[in-house]
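What's counted below: heavy atoms across the whole structure, side chains too, no hydrogens, waters or symmetry copies.
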Amino acid sequence: MHNKFNNYKLWVVYSSFIIAIFLQIIPFCPRTWNVHPSWIMILLIRWITILPNQVNIGTGFTLGLIIDIIVDSTLGTHSLSLSILAYLVNRNIYFFRYMPIWQQSFVIIFLSFINQSIIFLVKFLITKVLCTPEIFWNCLLDGGSWPFLVLLMHKMHRN
C-alpha cells in the first residue's frame, strides 16, 4: 500500500513537470514572449519542499537538460542553474518551508534572480550576449506566481 502511494505521488510529480515544460515553451504574448514565469523552476522548488527525498538535485539537472534540448540552448546551461538552485533549496528547506507565503515569494524572487544570473553568465561567457531587463521582470513574475501555485497545489492535495 505504501509503495503504491509513493508511485502515485511520483506520477503526479512527473506529470506536473511535463505540464510545466509545455507552459515554459509556449509564449504568452507575441510581443513579450521573453517575459513569462519560469514554471519549471517554481515547480521544482515547490516539489523539493514537499518531497525532498524524491525530488532533488538530480531532478533539477535532468529537467535542465530537457529544457536545454527543447529551447536549443548550450547544453548544460539550464542544468547548471537548476542544479545549483535545487542545492540551495535543499540546503535551506526547513528555513524556507516554515516561512509565510509572502516571505517565500521574496525568497523566490531572489532564487529566480540567481537562476537568471547563472544562465546569463554562461551565455555571456560563450556568446557575449547583452543583459536585458527581462531578467528582472521574470524574477518579479516568478515571485508573484508563487502564492498562486502554492494555493493551487494545496487545493489539489486536499481533493
Side-chain angles (χ1 to χ4, degrees), residues 1-68 70-71 78-120 133-159:
M1 177 79 171
H2 189 338
N3 191 17
K4 196 185 266 190
F5 183 69
N6 282 340
N7 289 338
Y8 171 74
K9 281 197 290 189
L10 287 178
W11 179 80
V12 170
V13 170
Y14 294 136
S15 62
S16 67
F17 280 134
I18 291 171
I19 293 169
I21 289 171
F22 284 122
L23 286 174
Q24 190 73 35
I25 60 175
I26 295 173
F28 283 146
C29 196
R31 289 187 304 168
T32 60
W33 65 273
N34 281 334
V35 180
H36 55 76
S38 179
W39 295 110
I40 295 172
M41 183 205 73
I42 297 170
L43 202 59
L44 178 68
I45 293 171
R46 184 63 185 156
W47 281 121
I48 287 174
T49 57
I50 294 173
L51 301 168
N53 294 330
Q54 284 84 17
V55 180
N56 50 26
I57 298 170
T59 309
F61 184 80
T62 306
L63 286 171
L65 279 178
I66 292 170
I67 289 300
D68 284 335
I70 288 175
V71 299
H78 289 90
S79 299
L80 176 68
S81 67
L82 288 178
S83 297
I84 291 172
L85 191 78
Y87 171 76
L88 290 173
V89 172
N90 229 346
R91 184 85 172 135
N92 301 309
I93 190 169
Y94 296 111
F95 176 70
F96 182 75
R97 187 184 287 175
Y98 297 112
M99 284 181 169
I101 292 179
W102 67 272
Q103 285 180 347
Q104 288 179 357
S105 292
F106 287 113
V107 173
I108 293 297
I109 291 171
F110 179 68
L111 290 173
S112 177
F113 182 73
I114 290 172
N115 184 36
Q116 296 287 336
S117 297
I118 292 170
I119 292 171
F120 170 73
E134 281 106 16
I135 291 174
F136 304 110
W137 290 113
N138 285 339
C139 297
L140 293 175
L141 218 61
D142 290 343
S145 59
W146 175 256
F148 298 112
L149 180 75
V150 170
L151 293 174
L152 177 70
M153 290 181 73
H154 238 354
K155 192 171 189 166
M156 286 177 22
H157 181 67
R158 286 185 194 163
N159 294 336

Response to the item:
When every non-hydrogen atom of Asn90 is compared with those of Pro52, the smallest separation belongs to OD1-CB, 4.0 Å
Worksheet entry | Heavy-atom pair of closest approach, residues Ala86 and Ile57 | CB-CA, 3.8 Å
Practice prompt. Taking all non-hydrogen atoms of both residues into account, name the closest pair between Ser81 and Asn115 and its distance.
Written response: OG-OD1, 2.8 Å
Discussion item. Closer than 3.5 angstrom, by distance alone: can the side chain of Gln104 be matched with the main-chain N or O of Phe96 as a donor-acceptor pair?
Written reply: yes
Worksheet item: Once you round to the nearest 0.5 Å, how far does CG of Asp142 lie from CD1 of Ile109?
Response: 8.5 Å
Fill in: Pairwise distance NE2(His78) to CD1(Ile119) - rounded to 0.5 angstrom
3.5 Å
Discussion item. To the closest 0.5 Å, what do you measure between CH2 (Trp146) and CD1 (Ile101)?
Written reply: 9.0 Å
Worksheet entry | For the student: nearest non-hydrogen atoms of Phe17 and Ile40, plus distance | CE2-O, 4.4 Å
Item to complete: Could you check whether the rings of Tyr98 and Tyr94 sit parallel, tilted or perpendicular, using 30° and 60° as the cut-offs?
Response: parallel
Worksheet item: Hey, what do you get for CZ (Phe61) to CG (Leu80), rounding to the nearest 0.5 Å?
Response: 9.0 Å
Worksheet item: Are Met153 and Ile50 close enough that some pair of their side-chain heavy atoms sits under 4.5 Å apart?
Response: yes
Item to complete: Mark yes or no for whether Ser105, through its side chain, and Gly143, through its backbone, hold a donor-acceptor pair below 3.5 Å.
Response: yes
Worksheet, complete the sentence: Closest non-hydrogen contact found for Gly144 with Pro147 is O-CD, 3.4 Å
Worksheet entry | Contact check, side chains of Leu63 and Ile21, non-hydrogen atoms, under 4.5 Å | yes
Item to complete: Look up atom CZ in Arg46 and atom CG in Leu152, then write down how far apart they are to the nearest 0.5 Å.
Response: 10.5 Å
Discussion item. I'd like to know if the side chain of Asn138 and the backbone of Pro37 have a donor-acceptor N/O pair within less than 3.5 Å.
Written reply: no
Worksheet item: Taking atom OG1 of Thr59 and atom CG of Leu51, what is their separation to the nearest 0.5 Å?
Response: 10.0 Å
Worksheet item: For atom CZ of Phe120, is the number of surrounding heavy atoms from other residues, nucleotides or ligands below 6.0 Å larger than 12?
Response: yes
Item to complete: Examine distances only and state if a side-chain atom of Ser16 and a backbone atom of Val12 form a donor-acceptor pair shorter than 3.5 Å.
Response: yes
Discussion item. Checking side chain to side chain contact (heavy atoms under 4.5 Å, CB included) between Met41 and each of Leu44, Ile45, Leu43, which is the one that passes?
Written reply: Ile45
Practice prompt. Give a yes or no answer on whether the side chain of Asn92 reaches the backbone of Leu88 with a donor-acceptor pair at less than 3.5 Å.
Written response: yes
